[in-house]
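Note that this is a predicted model, so its numbers are computed, not measured.
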Amino acid sequence: MKRLIKSVLAVAVLLTQPIAAHAFDTSAAAYVLDQTTGTVLLSKNADEPLPPASMSKLMTLYVAFEAIRDGRLTLDERLPVSSHAMSYKGSTMFLDTNDRVRVEDLLRGIIVLSGNDACAVIAEALSPDGTEPGFARYMTERARQIGMTNSTFTNSNGWPQAGHRMSVHDLAVLANRLISDFPEFYPLFAEREFAFDGRAPSNIRNRNPLLTLDIGADGLKTGHTQEAGYGLVGSAKQGDRRVIFVISGLDTEARRAEEAEAIVNWSFRQFAEKTIARTGTPVTQAEVWMGGQPTVDLVPAEDMTILLPVLGSGNLNAEVVYNGPIKAPIAQGQELAELVISPEGLPETRLPLVAGHAVGNGGFIVRVRTAAQYLITQFLNGPQTEAM
């Protein structure tokens with residue numbers, strides 16, 4: 001009779017006191033992601049749909065980058081400016097209906113100058129029905145497809161409008177995708193000035209307050225309306241680590257700059273990557289069912305590096321989780337278990353463990369002994385009922 005094990009067996013492998021992370025205190029809705037390790041360092045009101053202001057221009061850029069990659073749009077292509085696009089106020093490139101503007105200039109106009117009119121030109125070119133509302137519906141659908149579950153768009157640029165909403169978590173997802181999916185375009189976000197056609201000398205500078213601070217900041221987009229307050233989707237890289245963060249709802253431009261710089265410094269100074277297990281070094285052993293050996297070593301397939309707070313005891317809580325005993329035969333390198341790391345104040349991290357060596361089927365004597373042990377256990381404990 002085959003024994004079915006459905007309960008999860010947990011084996012403690014690393015003990016002592018947990019590490020406490022010092023949380024960042026902010027009045028803003030905020031989300032901070034260490035992109036290198038995938039660790040969420042801060043999440044505050046992260047999934048609440050909020051007015052995103054110009055930060056939603058990042059979705060227009062994502063769709064435009066996809067169109068360029070797919071060959072539906074080219075950087076040198078010149079697009080017409082409609083009266084609707086020209087009608088936008090606020091931050092613009094001062095386009096008019098006599099213009100036919102290169103796509104590359106429009107992209108820079110969106111990123112550096114935050115051009116509301118440039119977004120509308122791109123939107124009408126790529127919209128399924130040639131209108132900005134049609135493009136907004138497409139953006140909403142595309143956002144869902146890439147994991148943005150709390151975003152709804154009614155325009156291309158974040159102009160205040162009922163129902164135009166994004167969460168700071170979704171903005172971080174979008175920033176992560178922009179950086180990862182389009183490395184060829186990402187350097188545009190670090191450009192500090194763009195003097196389009198010389199027609200708007202008062203609007204040539206990137207509004208991102210971090211780009212001049214020499215702290216590794218290289219993107220992405222600011223936003224501000226009376227309804228939304230001041231916000232920023234930012235990213236910075238120091239050494240091998242990259243951090244992505246979103247803040248929204250601050251009351252002044254100066255406060256936005258202060259909080260953004262403080263978040264970057266906190267993210268890099270208060271956390272560090274640490275190797276907790278080495279390739280091929282056994283973490284623990286798992287019981288084997290009907291095998292030539294009673295146990296199998298559980299080892300990392302590669303060095304296990306996670307992000308941890310720099311302050312604390314240097315220890316953390318962890319456990320190995322697997323369904324067992326594990327039935328033979330077992331191949332070397334076969335994934336068998338997970339190492340679950342739970343630092344206090346940070347989300348748990350799950351890392352795969354594999355068989356450190358092969359375990360073949362047991363011989364006749366092993367099978368007889370195992371069957372006998374099973375029958376004795378059944379006799380002493382009574383039949384077990386499986387919960388399905």
Side-chain angles (χ1 to χ4, degrees), residues 1-19 21 34-40 239-241 271-310 312-344 346-378 381 384 386-387:
M1 178 184 293
K2 183 178 180 181
R3 185 181 184 189
L4 300 178
I5 304 294
K6 291 197 174 184
S7 61
V8 176
L9 304 179
V11 181
V13 294
L14 298 173
L15 304 174
T16 71
Q17 299 300 313
I19 294 176
D34 183 86
Q35 190 204 41
T36 309
T37 61
T39 305
V40 178
D240 294 330
R241 283 182 59 201
F271 299 89
E273 288 184 280
K274 297 183 180 179
T275 300
I276 61 169
R278 297 289 182 183
T279 305
T281 301
V283 172
T284 189
Q285 294 180 325
E287 297 178 18
V288 175
W289 174 256
M290 295 291 240
Q293 301 175 45
T295 61
V296 61
D297 289 340
L298 298 179
V299 305
E302 56 187 23
D303 287 353
M304 290 184 169
T305 302
I306 65 172
L307 198 70
L308 295 171
V310 297
S313 64
N315 301 296
L316 65 156
N317 290 337
E319 61 184 15
V320 169
V321 179
Y322 67 98
N323 292 329
I326 300 168
K327 189 177 185 303
I330 300 169
Q332 184 175 4
Q334 179 180 338
E335 187 172 327
L336 301 175
E338 287 185 320
L339 178 62
V340 183
I341 314 294
S342 304
E344 185 177 338
L346 291 176
E348 70 178 20
T349 299
R350 291 178 171 265
L351 303 167
L353 295 174
V354 302
H357 53 84
V359 179
N361 288 318
F364 175 76
I365 295 176
V366 170
R367 293 176 177 274
V368 170
R369 183 171 63 245
T370 302
Q373 290 172 343
Y374 175 76
L375 292 173
I376 292 170
T377 300
Q378 289 289 89
N381 298 333
Q384 296 181 1
E386 293 292 333

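- Every residue two or more places apart in sequence or in another chain that forms a side-chain contact (heavy atoms from CB on, under 4.5 Å) with Gln334 is listed here: Ile330, Ala331, Leu336.
- Using a 4.5 Å cut-off on side-chain heavy atoms (C-beta onward), Leu351 and Ile306 make contact.
- To the nearest 0.5 angstrom, Leu298 atom CG is 7.0 Å from Tyr322 atom OH.
- Screening Val321, Val299, Val283 against Leu353 for a side-chain contact (heavy atoms from CB on, under 4.5 Å) leaves a single residue, Val283.
- Pairing each heavy atom of Val296 with each of Gly356, the nearest pair is CG2-N, 4.5 Å.
- With sequence neighbours excluded, the residues forming a side chain to side chain donor-acceptor pair (under 3.5 Å) with Arg350 are Glu338, Glu348, listed by chain and number.
- Listed here is the closest heavy atom pair of Gly360 and Ala328: O-CB, 3.6 Å.
- The shortest side-chain heavy-atom distance between Thr37 and Glu273 falls under the 4.5 Å cut-off.
- Sorted by first and then second residue, the salt bridge (charged side-chain N to carboxylate O under 4.0 Å, His left out) pairs with a member in residues 275-285 read Arg278-Asp303; sequence neighbours excluded.
- Pro300 places none of its side-chain heavy atoms less than 4.5 Å from the side chain of Thr279.
- The line from CG of Asp297 to OG1 of Thr281 is 10.5 Å long, rounded to the nearest 0.5 Å.
- Residue Gly292 comes nearest to Val359 through the heavy atom pair N-CG1, 4.0 Å, listed as atom of the first residue, atom of the second, then distance.
- A pairwise comparison of heavy atoms in Ala272 and Val310 identifies CB-CG1, 3.7 Å as the closest pair.
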Subject >> Derivation of the side chain to side chain contact (heavy atoms under 4.5 Å, CB included) call for Gln293 and Val288 >> reply: CA-CA 7 Å; Gln293 301 175 45; Val288 175; 5.9 Å; no

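- Rounding to the nearest 0.5 angstrom, the gap separating the OG1 atom in Thr305 from the NZ atom in Lys274 is 12.0 Å.
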